[in-house]
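Let me begin by presenting the structure, written as structure tokens, before commenting on it.
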Amino acid sequence: MVEVLDSPSLLLRGMAGSRMPIAVAHGEGRAEFLSASDLGKSLVAMRFVDNHGKQTETYPLNPNGSPAGITGLTTPDGRFTIVMPHPERVFRTVQMSWAPDSAGEDSPWMQMFYNARQWVD
């Protein structure tokens, strides 16, 4: 599961605080930083969390062991966002590992694609 953090990311606009399941295809994509100060300068947009909502570095909750659970970064202007997991694989509710019975056809990840379209328009 991941948590979307408050960031300037255009793709993740309005999603801060969301904790959602997401597809992970492999254990690659580990974030590495030369120093703790480099980590502190990064604009973290998304991180792996455990079932209590705490950032985790523990496998399998964080499949690649990225420090502080980091799995998404963005630029200061929010125009570029990189993520390791695959939200494009869970844009429909039926593709998610779990969803409430009241969920509609679109999963919460679809908001990311609506945000991209809105920015382009």
Side-chain angles (χ1 to χ4, degrees):
M1 177 164 40
V2 297
E3 178 180 32
V4 179
L5 304 174
D6 189 29
S7 76
S9 172
L10 298 170
L11 291 177
L12 301 173
R13 182 176 289 153
M15 297 174 68
S18 300
R19 293 182 185 152
M20 304 172 283
I22 193 166
V24 178
H26 47 71
E28 297 171 356
R30 176 184 166 85
E32 293 188 10
F33 301 90
L34 296 177
S35 68
S37 65
D38 286 340
L39 174 62
K41 294 175 191 172
S42 301
L43 287 171
V44 179
M46 199 163 55
R47 65 182 176 185
F48 287 113
V49 294
D50 64 17
N51 60 327
H52 299 288
K54 297 193 185 313
Q55 71 184 26
T56 183
E57 295 179 7
T58 306
Y59 181 85
L61 302 173
N62 177 340
N64 56 28
S66 287
I70 295 171
T71 191
L73 298 164
T74 193
T75 56
D77 64 4
R79 289 181 28 192
F80 299 94
T81 301
I82 57 170
V83 299
M84 190 286 280
H86 296 272
E88 77 281 0
R89 294 184 181 186
V90 287
F91 67 94
R92 296 185 62 220
T93 300
V94 297
Q95 297 169 305
M96 297 185 74
S97 59
W98 178 87
D101 292 336
S102 61
E105 183 175 334
D106 292 346
S107 87
W109 287 111
M110 192 63 189
Q111 184 61 49
M112 189 175 86
F113 300 98
Y114 292 141
N115 288 343
R117 176 59 191 219
Q118 183 179 23
W119 187 78
V120 170
D121 285 343

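- Of the possible donor and acceptor atoms, one in the side chain of Arg30 sits under 3.5 Å from a partner among the backbone N and O of Gly65.
- Glu57 CD to Arg47 CZ: the interatomic distance, rounded to the nearest 0.5 Å, is 11.5 Å.
- Clustering ILVMFWY residues whenever any of their side-chain heavy atoms sit less than 4.5 angstrom apart, transitively, puts Trp119 in a cluster other than the one holding Phe91.
- Under a hydrophobic-cluster definition in which Ile, Leu, Val, Met, Phe, Trp and Tyr are linked whenever side-chain heavy atoms come within less than 4.5 Å, directly or via other members, Tyr114 and Leu12 are assigned to the same cluster.
- Put simply, the side chain of Glu3 does not reach to within 4.5 Å of the side chain of Met46, judged on heavy atoms.
- Side chain to side chain, Tyr59 and Asn64 fail the donor-acceptor criterion of an N or O pair below 3.5 Å.
- The shortest distance between side-chain heavy atoms of Asp106 and Gln111 does not fall below 4.5 Å.
- Glu32 CD to Asp38 CG: the interatomic distance, rounded to the nearest 0.5 Å, is 12.0 Å.
- Side chains of Ser35 and Ser37: a donor-acceptor N/O pair is present below 3.5 angstrom, by distance only.
- Residues Val83 and Met15 are members of one and the same hydrophobic cluster, defined by side-chain heavy-atom contacts under 4.5 angstrom among Ile, Leu, Val, Met, Phe, Trp and Tyr.
- At a threshold of 4.5 Å between non-hydrogen side-chain atoms, the residues Thr74 and Pro8 count as touching.
- Side-chain contact between Phe113 and Glu88 is present, with at least one heavy-atom pair separated by less than 4.5 Å.
- Counting heavy atoms from C-beta outward, Phe48 and Gln55 have side chains that stay 4.5 Å or more apart.
- Hydrophobic clustering places Met112 together with Val90 (ILVMFWY residues linked when any side-chain heavy atoms are closer than 4.5 Å, directly or through intermediates).
- Separating the OG1 atom in Thr93 from the CE atom in Met110 is a distance of 10.5 Å, to the nearest 0.5 Å.
- Shown here for Pro21 and Ser97, the closest heavy-atom pair between the two residues is CB-OG, 3.4 Å.
- Distance check: Thr75 OG1 to Leu43 CG gives 7.5 Å after rounding to the nearest 0.5 Å.
- Annotation: the span from Ile22 atom CD1 to Met1 atom CE amounts to 12.0 Å, rounded to 0.5 Å.
- Residues Trp109 and Gln95 form no side-chain contact, since every pair of their non-hydrogen atoms from C-beta on lies 4.5 Å or further apart.
- Taking hydrophobic clusters as Ile, Leu, Val, Met, Phe, Trp and Tyr residues chained together by side-chain heavy-atom distances below 4.5 Å, Val2 does not share a cluster with Ile70.
- Side-chain contact between Pro108 and Met96 is present, with at least one heavy-atom pair separated by less than 4.5 Å.
- Minimum interatomic distance between Ser7 and Ala45 (heavy atoms only, all atoms of both residues): OG-CB, 3.7 Å.
- Around atom CG of Asp121, more than 12 heavy atoms belonging to other residues, nucleotides or ligands sit under 6.0 Å away.
- Of the residues Val24, Thr56, Asp50, Thr71, the one that meets the side-chain contact (heavy atoms from CB on, under 4.5 Å) test with Asn62 is Thr56.
- We find the CG-CG distance between Leu5 and Leu73 to be 10.0 Å, quoted to the nearest 0.5 Å.
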